[in-house]
Amino acid sequence: MASSTESPSLATALANVRRLTSSTLPHQAKPAQLLVAIESTISSTLGTSELPHSSTAYFASLQQVLEKAVNDEVPSTSQNDEEMAETENMGQGALIPAILYLLAIIIPETPSSVILSKINIILENILPLYDTSLEHPPALRSLLQITTSLLLVPSSAQLNSSPLMKKAWNYLLELNLDPRPKVRHVAQEGIRKILTTPIPPKLQAGNHPYLPRAREWVITILQEEVKTGGLSANNKGGKKARFADGEDSEGKRAIWVIQGLRGWVAVWGDEQLSPLCGLLLSLPPLPHLTIQIYSLLAHLLSPPPADAASPTPSVLTNLPTILDSLLSSPPAMSDTPTYLSAITSALIKMSLQDPLSLNTYLPKAFNLIFHNILLSSNTTSSVCTAAADAIGSQGILRYCITDEAILATLTYMRNGSNLPGARKKSKTPFLYRLITSLTESLNTHALKTPYLFQILVALISRLRLRVLPGQQAQIDPSGKGQTAAEELLMDLIKEVGDLRHQRGFEHKDGVDQVVGMAIEVIGVAVVLDRLPLNIEPDASGAPPYPGRAHLLPLIRSRTTNDQLSFFAIYFRPLSERLFEKKVLAEDGGRAAEAKVWETVVSQIWDCWSGFCEMPRDLKEGLTTPFLSLLTSLLYTQPLLLPSLLRGLSQLVSATQRLLNSASPPEELRKQFGADQESAKEDMEFLKTLAKDMVSVLLNVFSKLPRESRGMVGEVIGLWVGIMTEKDIIETYNTVTTHLSTNLHTVQPPSEGASPISHTMLDLLIIFVPHLPPAQSQALFTAASQGTMLEHKDATVQKKAYRLLKRLLEASKLQKGNEEQFVKKLSEAGGGVGPGAQRDRLQLLSALVESLPNDSLHIIPELLSEAVLGTKEVNERARDAGFDLLVIMGKKMASGGSVKVVVEEDEESMGQPSTVQANAEEYITMVAAGLTGTTPHMISASINALSRLLFEFKDDISSNTLSELLSTLIVFLQSKNREIVKSALGFAKVSIVSLPIEVLQPHIGQIVPALLGWVHDHKNHFKAKTIHIFERLIRRFGFDEVYRCASELPEERKVLNNIKKRKDRARKRKAGKEGDEDDEQKPRQSSGNAFDDILYNSDSDLSDDDQDDDERPNQNQKGRKGQVQNQIQNQGKKGKQNEKDNRYIRNEGDEPMDLLSRGIAGGISSQNPSTQKARRVPGQDASHFKNDKQGKMVITEEDSDSDNGGNGVGSSKVIEGNAFISQHINNSDGFKRDSKGNMKYNRNTKQSREEEKNELNMIIDQEGDKHLEKGNGKEKKLEERRKKRKAMGLGEEFKAKRAGGDIKRVGGPDPYSYVSLGQAGNRKQGKDGQKINLTNKKKGSRR
């Protein structure tokens, strides 16, 4: 077991090293052997065998071994030339690399004070090793990790004064340019850790003593790359270039520096950012380097997060130069997405740093991104998406368009400056030019429509500013005016909405996003005024075109902060008119039409919840007539109930959120037209409605069946929460009166409803959080009485326990009454119904969580019930029992004291009356159940110990764990199967979760005990035991487990079988490593780690059996080849998919207007030439003749001519007819009625006989046609057929060559040639004979 002074990660890391002692690889075996030797020395010195030891002991031992290895050189007089000094031997299996590997694990876990005392000695020993380890990457990586851990410990003064530390820092910097990726990444990670880790007593990183040296080194490298143009890529040690071709290898040193710099550029220093950005832009535009530069610039220029400690952005003096350089040098198409992110970050930085200068760069950036990149004909789809984001949701529109720019655009348009020929009084605003360019592009660039829609959505979202009317635009401080989007974009939104109805238009989702954002920002009333629904038919009975019923789901999902009165004015009358049409359709027998109107009405009321979310006119919207309509719908329309309940819930919850908002009131009024003061007024208004609304909801709740009450109960809880205390008490008294009156009445008031007592208890559970203290205490007292807990109705018991649990969770139990309450629960324990056991256990869990630390003596009184709860039949009850055990353990582990009842005898004299509460003491209490007198109690105790062992294994001493394992071995040898089943589960949990050091002393007894059940198939003991052995082999190795089974030679065969199966699985897995089809699926989890260990098998045995049964056949091989070809082809088509493969569909003879916005409906993503031609109406009918009345005439000659009239064709017709007749007339076939519905044939005796006769008739017809040909072969077949007809019943199945089946003398007949049904249907005709099951005449002997 790990000691308390170290982390579990160190114990795990050392255990992983220790298990490689017998590895055949030298670089794995040497560190493991060295670790074992060091641990042996430490154990002998300290006199303890507990592993692992403290990190300080490991550190001291390794430091001494390293010092001795570095100073102990081989004498120069040696005759063996191959021998070398230890400091020069850094290869695999050498001593120093093994020491360095262990030090890299130990030093991060060693106390800082211990490291500081030896830091100079370690640095003196390891720094000379850098030169000799340059050719050995594993040793070099260990050195880098050790150096990083050492430099994290000293203070600033020590870092500045120590030349050894500065030298170590220089090594880290230089190895940032190592051509080997693993070494370079470790060095880069070391620099990042050191510079970004605060040095105590600082709380934030920054101003590290070595930061100036790091900045100087980066600047020097980048300046060299600028001077040489990236051609100074020297490879250390003759390593191969990073990139395949010479062109790509240029600038690799700059790439590596930028990659490492990205990890610590956050602490670079604001005042030093300007030179760095200028230097980055001066680097040569080389492949792979450009994208790294843009990525780093985007990271540098991005604004700090809103919740940062210092949100004030840094100032870049050369930001205009950076922007000019970026805008003047666009890169290649492949680097454009990163380039766009850099420009976007620079513009956002400019908007925060210098908003006045931003107006100079916005037009340039927009023209570049929009016209030169997005609208370019050769731009790929990924670049178009990045450009749309740079303009829209992630860039210019979201961050760079200020409120002043919006007001200036509105003023410009209100003054008429945008009209043709008008005198411009001011410069055209940038936002107006952006809107104009977007509108024109929608008309002229149909192929870019999806990306233009993204920009339009972001533009509508930004223009949600509400303004006052007037020639000079101003912000409306009350938030009641119209939005800027309504004035600037409503015409464009109308045109986009009409695109959805064009024939063949494919981007309907984009149109829905635009219209949905307009609904959210502008409002439902304005959008429906320009884009009406057109649902109701006109006087002629036809609905207007175009119908826009698709807007209802958009209104439902996007409406928020709108006018509630609009729903009452517009949608309520519409729903009433449509409901009348539904009633008329039902009366007229038009069920389909009635269903359509019913669906539309339901969709209309689905929109109501959106209007209830922070409405601007709550008082005006909730009028008395409208509330009366709501009440009527709640009672009479169950289909609308979910929509109505969502709206009622939103009214309360949204008002409460606004009331509790911490945002400034002026900002809330500006954005939502409401603030905390208006929310307070709305809440007071809702309180006046609460009592009546709760009464209505209570009536609805009582009439609904139990499974449909959940949502109604939640809404009742919300409205009860805003009721006055007087109204709550009055409602509570009414409910309790009904409960006391109908407590012993189990008959429901109506069919489908629940009994009144059940309903009242459910309502009391809902009321609990809102009850005053006096009523809560009275309810607690009444619910804990025996009349409730021992009620004859199990449902009343369940709800009583739930009520008590809810009261405990709401802290309604008075302190000091816990013992009295537990006594009442104990008295009622004998009358608990089977359905109430889970709720009782959950109540006990809530009780234990609420116990104070001085009342922990109650836990032992409840412990036996919790243990037995793990053996409940119901799965949920078992889970509740396990949860109760864990909660008790956590309560005991949190501290306190437990009173122990001591008997007055001589042996117990002197024992303390209290013991300290902890996890180990709790385990001891549970283990007392192992002495139970019944197997059921013993099994339950073992189950409880399994769960507690998994949960608290780190808090239990090794001695206690050892005693538990010893007890397990005894129970594994029990003769009671119930006990053994639980013991196997305990064994599995122990083997999987306990440390190897705890299991090792007991492995010799566990293996023989488990082997005793490997041949027992009952209760799946064999499968469970084999899986446990698989786990044992994984942790201890096959040899160790096999050695422990030496006394059971027969059972050892099972272990050999497991090893063979694992070897086969390993070989099979190795053969499938290259196949992408055979990727391992992620292991499924039940969400409970204990259940995953205890119940999930994940056994190799089942996998191997499945693999053995499922051998690949030739078809699988062919399929595999096809999949591999598809994978190869995907790589070839990757670049092709980047192209914008869309086509213009030309249908009809009219000329195509490419400049019309209607061309968007002719854009297709599929090649029209490869699509199947559309069927023309009447195309198939043209092949047949018509009579005088115009009816089609289909003759038999036509069908015969189709088959050619030859023998082959006729045979095919017969075969087809046979198949058709079989599927129409046989017992498995079907027929269609006049309406086209399929009706399957009945499998009767008559249908089977008709099927047989029809088949014989077809065979006879076919045989007669063959005989007419005169073919000799056909004649022989016909003769054989007639001969078969002349045989007796079943004789055609008789053996032809063997002369009959073999029959032993005196034995039974081995054959029966007829079915039982045929033999039972024995009929004797004039010339017939009776037949028995053996097809013999009655009375015959042979």
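Ionic pairing of Glu224 and Arg253 is present here: one or more N-O contacts between side-chain nitrogen and carboxylate oxygen are shorter than 4.0 angstrom.
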* With side chain to side chain contact (heavy atoms under 4.5 Å, CB included) as the test, would you mind laying out the steps for Leu999 and Leu1032 before giving the verdict? => CA-CA 10 Å; Leu999 293 171; Leu1032 272 174; 5.8 Å; no
* Asked: Given Leu297 and Ser345, is the side chain to side chain contact (heavy atoms under 4.5 Å, CB included) satisfied, shown in steps?
  -> CA-CA 8 Å; Leu297 282 174; Ser345 300; over 6 Å; no
* To do: Please assess Leu143 against Tyr171 for the test side chain to side chain contact (heavy atoms under 4.5 Å, CB included), listing each intermediate value before the final yes or no.
  => CA-CA 10 Å; Leu143 278 173; Tyr171 275 124; over 6 Å; no
* **Step-by-step side chain to side chain donor-acceptor pair (under 3.5 Å) determination, Thr338 to Ser341** => CA-CA 5 Å; Thr338 314; Ser341 65; 5.3 Å; no
* Asked: Can you check side chain to side chain contact (heavy atoms under 4.5 Å, CB included) on Phe59 and Ile122, steps first, answer last?
  -> CA-CA 11 Å; Phe59 176 76; Ile122 295 180; 3.2 Å; yes
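Judged by distance alone, the side chain of Ser162 and the main-chain N or O of Leu159 form no donor-acceptor pair under 3.5 Å. The backbone N or O of His299 sits less than 3.5 Å from a side-chain atom of Ser302, completing a donor-acceptor pair. Of the possible polar contacts, none joining the Ser962 side chain to the Ser958 backbone as a donor-acceptor pair under 3.5 Å is found. The main-chain N or O of Tyr210 is found under 3.5 Å from a side-chain atom of His208 such that the two form a donor-acceptor pair. Of the possible donor and acceptor atoms, none in the side chain of Thr960 sits under 3.5 Å from a partner among the backbone N and O of Ile956. Ser43 contributes a side-chain N or O that, together with a main-chain N or O of Glu39, makes up a donor-acceptor pair within less than 3.5 Å. Listed for the Arg262 side chain is a donor-acceptor partner under 3.5 Å among the backbone atoms of Ser295. Checked by atom type and distance alone, the side chain of Lys30 never pairs as donor or acceptor with a backbone atom of Leu95 at under 3.5 Å.
If you take CD1 on Ile119 and CD on Gln158, they are separated by 7.0 Å, rounding to the nearest 0.5 Å. Here the NZ atom belonging to Lys68 is positioned 13.0 Å from the CG atom belonging to Asn125, to the nearest 0.5 angstrom. Here the CD1-CD1 distance, from Ile106 to Ile99, works out to 13.0 Å after rounding to the nearest 0.5 Å. For the atom pair Glu216 CD and Ile221 CD1, the distance stands at 11.0 Å (nearest 0.5 Å). Between atom CZ of residue Phe950 and atom CZ of residue Arg947 there is a gap of 6.5 Å, rounded to the nearest 0.5 Å. With rounding to the nearest 0.5 angstrom, the CD1 atom of Ile105 is 10.0 Å from the CD atom of Glu109.
Counting heavy atoms from C-beta on, the side chains of Arg1031 and His1027 come closer than 4.5 Å. Here the side chains of Tyr294 and Ile291 are not in contact, with every heavy-atom distance at 4.5 Å or above. Looking at heavy atoms from C-beta onward, Phe1038 lies out of side-chain contact with Lys1062 at the 4.5 angstrom threshold. The side-chain heavy atoms of Ile194 and Trp264, taken from C-beta on, include no pair separated by under 4.5 Å. Contact annotation: the side chain of Arg18 approaches that of Val36 to within less than 4.5 Å [non-hydrogen atoms, C-beta and beyond]. The side-chain heavy atoms of Leu211 and Trp268, taken from C-beta on, include no pair separated by under 4.5 Å. For the pair Glu920 and Ser957, the minimum side-chain heavy-atom distance is below 4.5 Å. Residues Pro163 and Lys167 fail the side-chain proximity criterion, which asks for heavy atoms closer than 4.5 Å.
Scanning all heavy atoms of the two residues, the minimum distance from Ile199 to Pro154 falls at CG2-O, 4.0 Å. Shown here for Ala57 and His53, the closest heavy-atom pair between the two residues is CB-CB, 4.4 Å. Pairing each heavy atom of Asn176 with each of Gln188, the nearest pair is OD1-CG, 3.0 Å. Residues Leu140 and Arg180 share a closest heavy-atom pair of CD2-NH2, 3.7 Å. Considering every non-hydrogen atom in both Lys953 and Leu961, the closest pair reads O-CD1, 4.2 Å. Scanning all heavy atoms of the two residues, the minimum distance from Ile991 to Arg1035 falls at O-NH1, 2.6 Å.
Within 6.0 Å of OH in Tyr101 there are 12 or fewer heavy atoms belonging to other residues, nucleotides or ligands.
A cation-pi arrangement is not found for Lys988 relative to Phe986, the charged atom failing to lie both closer than 6.0 Å to the ring centre and inside a 45° cone about the ring normal. Relative to the ring axis of Trp256, Arg184 places its NZ or CZ within 45° and under 6.0 Å from the centre.
Here the rule is side-chain contact (heavy atoms from CB on, under 4.5 Å) with Ile126, and of Ile121, Leu150, Leu164 only Leu150 fits it. Just one of Thr12, Leu14, Ile42, Leu35 meets the side-chain contact (heavy atoms from CB on, under 4.5 Å) condition when paired with Pro52; it is Leu14.
Every pair passing side-chain hydrogen bond (donor to acceptor under 3.5 Å, both in side chains) that includes a residue from residues 139-150 is listed here, sequence neighbours excluded: Tyr130-Thr147.
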